[in-house]
Amino acid sequence: MPTAARYPRAFYRRDPVHVARELLGQRLVHVVHGHRRAGLILETEAYLGYEDKAAHSYNWKKTERTKTMFADGGTAYVFLNYGIHHLLNIVVARVDQPQAVLIRAVEPTEGLDAMRADRPKAKTDRDLCSGPGKLGAAFGIDRTHDGTDLTASPTLFVERVRARSLPDRQIVACPRIGVDYAGDWAAKPLRFLIRDHPGVSVRARNP
DNA sequence: CCTCTGATCTTCT
DNA sequence: GAAGATCAGAGGG
């Protein structure tokens, strides 16, 4: 049985595009009440720090909400969106370089019963985690997880299930979702998904 | 398939 | 007081 290693700090201390691509196909894990919920990451977005108009940290904006963006690579940044949804990011790069990767969709593989209980409106198992707000609920993630060190936490982390990133031909890069306000940054190909995989976020029109 | 809209609430201006 | 890195449901084609 293969050992799925957790990523070390060095993996996260890199640029967000690199990390966002390499996270595809790896496994997100949250242990809730001693029970694993897990799934393969299908869709990510890179947020590029103080220059990126779509990023919370644009223009070095550092507030009570966004301060976690300035933490070290490997830290979870969880925020409440639209008053309803908890979105999970992984901070990358170094302290005070506010860059992050948003996890947008996961194919659930473990803890399906618990996910169904926390996502009562999901009509199918594919819908459990096919969007950033959905997977936050399915995984039982909320703002108490903001600031969690994914390289050390016993309950929230990413497991490496393949040694390398997927080959380029299996990765689609396209514009990010819901950032039309970001001007020229809205069109940049900073959203990454596994080609032809059905479980990605519905809201996005997938190329 | 598509577009529109209400829900819900923290944060910052 | 307004604005969200969203979702689900309703209605129309």
Side-chain angles (χ1 to χ4, degrees), chain A residues 15-17 19-21 23-24 28 39 41-71 73 75-93 97-108 115-148 150 172-193 198-207:
Chain A
D15 75 275
V17 169
V19 177
R21 295 178 69 97
L23 283 175
L24 294 176
L28 175 68
I41 297 171
L42 304 178
E43 179 182 355
T44 58
E45 282 178 356
Y47 286 84
L48 269 50
Y50 65 93
E51 298 176 300
D52 183 351
K53 288 179 186 161
H56 291 167
S57 52
Y58 174 60
N59 204 21
W60 297 107
K61 186 166 85 171
K62 188 175 185 180
T63 66
E64 188 59 29
R65 177 210 204 194
T66 67
K67 63 183 180 186
T68 311
M69 284 280 291
F70 293 76
T75 303
Y77 169 47
V78 180
F79 68 93
L80 182 65
N81 195 35
Y82 292 99
I84 304 171
H85 302 109
H86 296 277
L87 272 56
L88 171 66
N89 295 253
I90 300 175
V91 178
V92 300
Q97 275 193 243
Q99 313 195 66
V101 174
L102 172 67
I103 309 299
R104 285 194 59 91
V106 163
E107 177 187 1
M115 290 184 183
R116 293 182 194 114
D118 281 346
R119 286 267 302 124
K121 291 179 179 169
K123 293 186 179 63
T124 67
D125 287 348
R126 180 188 293 179
D127 291 334
L128 288 172
C129 305
S130 59
K134 299 177 193 178
L135 78 89
F139 274 74
I141 289 168
D142 58 40
R143 276 173 302 169
T144 66
H145 302 283
D146 184 48
T148 300
L150 301 181
V172 180
C174 53
R176 294 172 293 185
I177 303 304
V179 297
D180 293 341
Y181 56 85
D184 49 338
W185 282 84
K188 294 182 185 293
L190 294 173
R191 171 175 175 244
F192 304 98
L193 11 63
V200 297
S201 66
V202 176
R203 189 162 171 260
R205 282 190 283 286
N206 299 309

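Below, chains carry the letters A, B, ... as their sequence lines are ordered, and counting in each starts from 1.
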Nearest-angstrom distance from the residue atom CG of A:Asp180 to P of B:dT3: 13 Å
Contacts of type salt bridge (Lys or Arg N to Asp or Glu O under 4.0 Å), residue A:Lys61, not counting sequence neighbours: none
Each nucleotide N or O in nucleotides 6-8 of chain B that has a protein N or O under 3.5 Å away: list the pair and distance.
{"from": "B:dT8", "atom 1": "O2", "to": "A:Tyr82", "atom 2": "O", "distance (Å)": "2.5"}

Listed partners of A:Ala55 passing side-chain contact (heavy atoms from CB on, under 4.5 Å), at least two apart: A:Tyr47, A:Asp52, A:Ser57
Interatomic distance where CZ belongs to A:Arg143 and C1' belongs to C:dA5 [whole Å]: 16 Å
Rounded distance (Å) that lies between atom C1' of C:dA5 and atom CD of A:Gln99: 16 Å
Value in whole Å for how far the P atom of B:dC9 lies from CD of A:Glu64: 20 Å
ring-ring contact (aromatic ring centres under 6.0 Å, His included) involving A:Tyr50 - partner list, sequence neighbours excluded: A:Trp60
Set of ring-ring contact (aromatic ring centres under 6.0 Å, His included) partners for A:His86, sequence neighbours left out: none
Side chain of A:Ile177 (C-beta onward), nearest among C:dT6, B:dT10, C:dA5: C:dT6
Could you list the donor-acceptor pairs under 3.5 angstrom formed between side-chain atoms of residues 115-123 of chain A and any protein atom two or more places apart in sequence or on another chain?
{"from": "A:Arg116", "atom 1": "NE", "to": "A:Asp125", "atom 2": "OD1", "distance (Å)": "2.9"}
{"from": "A:Arg116", "atom 1": "NH1", "to": "A:Asp113", "atom 2": "OD1", "distance (Å)": "2.6"}
{"from": "A:Arg116", "atom 1": "NH2", "to": "A:Asp125", "atom 2": "OD2", "distance (Å)": "2.9"}
{"from": "A:Asp118", "atom 1": "OD2", "to": "A:Arg37", "atom 2": "NH1", "distance (Å)": "2.8"}
{"from": "A:Asp118", "atom 1": "OD2", "to": "A:Arg37", "atom 2": "NH2", "distance (Å)": "3.2"}
{"from": "A:Arg119", "atom 1": "NE", "to": "A:Leu128", "atom 2": "O", "distance (Å)": "3.0"}
{"from": "A:Arg119", "atom 1": "NH2", "to": "A:Asp127", "atom 2": "O", "distance (Å)": "2.8"}

Gap between atoms CZ and P, on A:Arg104 and C:dT6 respectively (whole Å): 5 Å
Of all pairs that satisfy salt bridge (Lys or Arg N to Asp or Glu O under 4.0 Å), the ones with a partner from residues 137-146 of chain A, not counting sequence neighbours: none
Atom pair distance, as rounded to whole Å: CZ in A:Phe192 and P in C:dA5: 19 Å
Side chain to side chain donor-acceptor pair (under 3.5 Å) partners of A:Lys67, counting only residues at least two apart: A:Glu64
So which protein nitrogen or oxygen atoms get under 3.5 Å of nucleotides 8-11 of chain C's nitrogens or oxygens?
{"from": "C:dA8", "atom 1": "OP1", "to": "A:Arg119", "atom 2": "NH1", "distance (Å)": "2.5"}
{"from": "C:dA8", "atom 1": "OP1", "to": "A:Arg119", "atom 2": "NH2", "distance (Å)": "3.2"}
{"from": "C:dG9", "atom 1": "OP2", "to": "A:Lys123", "atom 2": "NZ", "distance (Å)": "3.0"}

Donor-acceptor contact present, side-chain A:Arg104 to main-chain A:Leu193, <3.5 Å: no
Touch class at under 4.0 angstrom, heavy-atom based, for A:Leu87 against every strand present: sugar-phosphate
Whether A:Glu45 side chain and A:Ile177 backbone form a donor-acceptor pair below 3.5 Å: yes
Paired and unpaired positions of DNA chain C as dot-bracket, Watson-Crick or G-U wobble under 3.5 Å, | denoting a partner strand: ||||.|||||||.
side-chain contact (heavy atoms from CB on, under 4.5 Å) involving A:Ala93 - partner list, sequence neighbours excluded: A:Gln97, A:Gln99
Results of side chain to side chain donor-acceptor pair (under 3.5 Å) for A:Thr66 - residues two or more places apart only: A:Thr63
Whole-Å distance separating the NZ atom of A:Lys188 from the C1' atom of C:dA5: 17 Å
Spacing of A:Met69 atom CE relative to C:dA5 atom P, expressed in whole Å: 11 Å
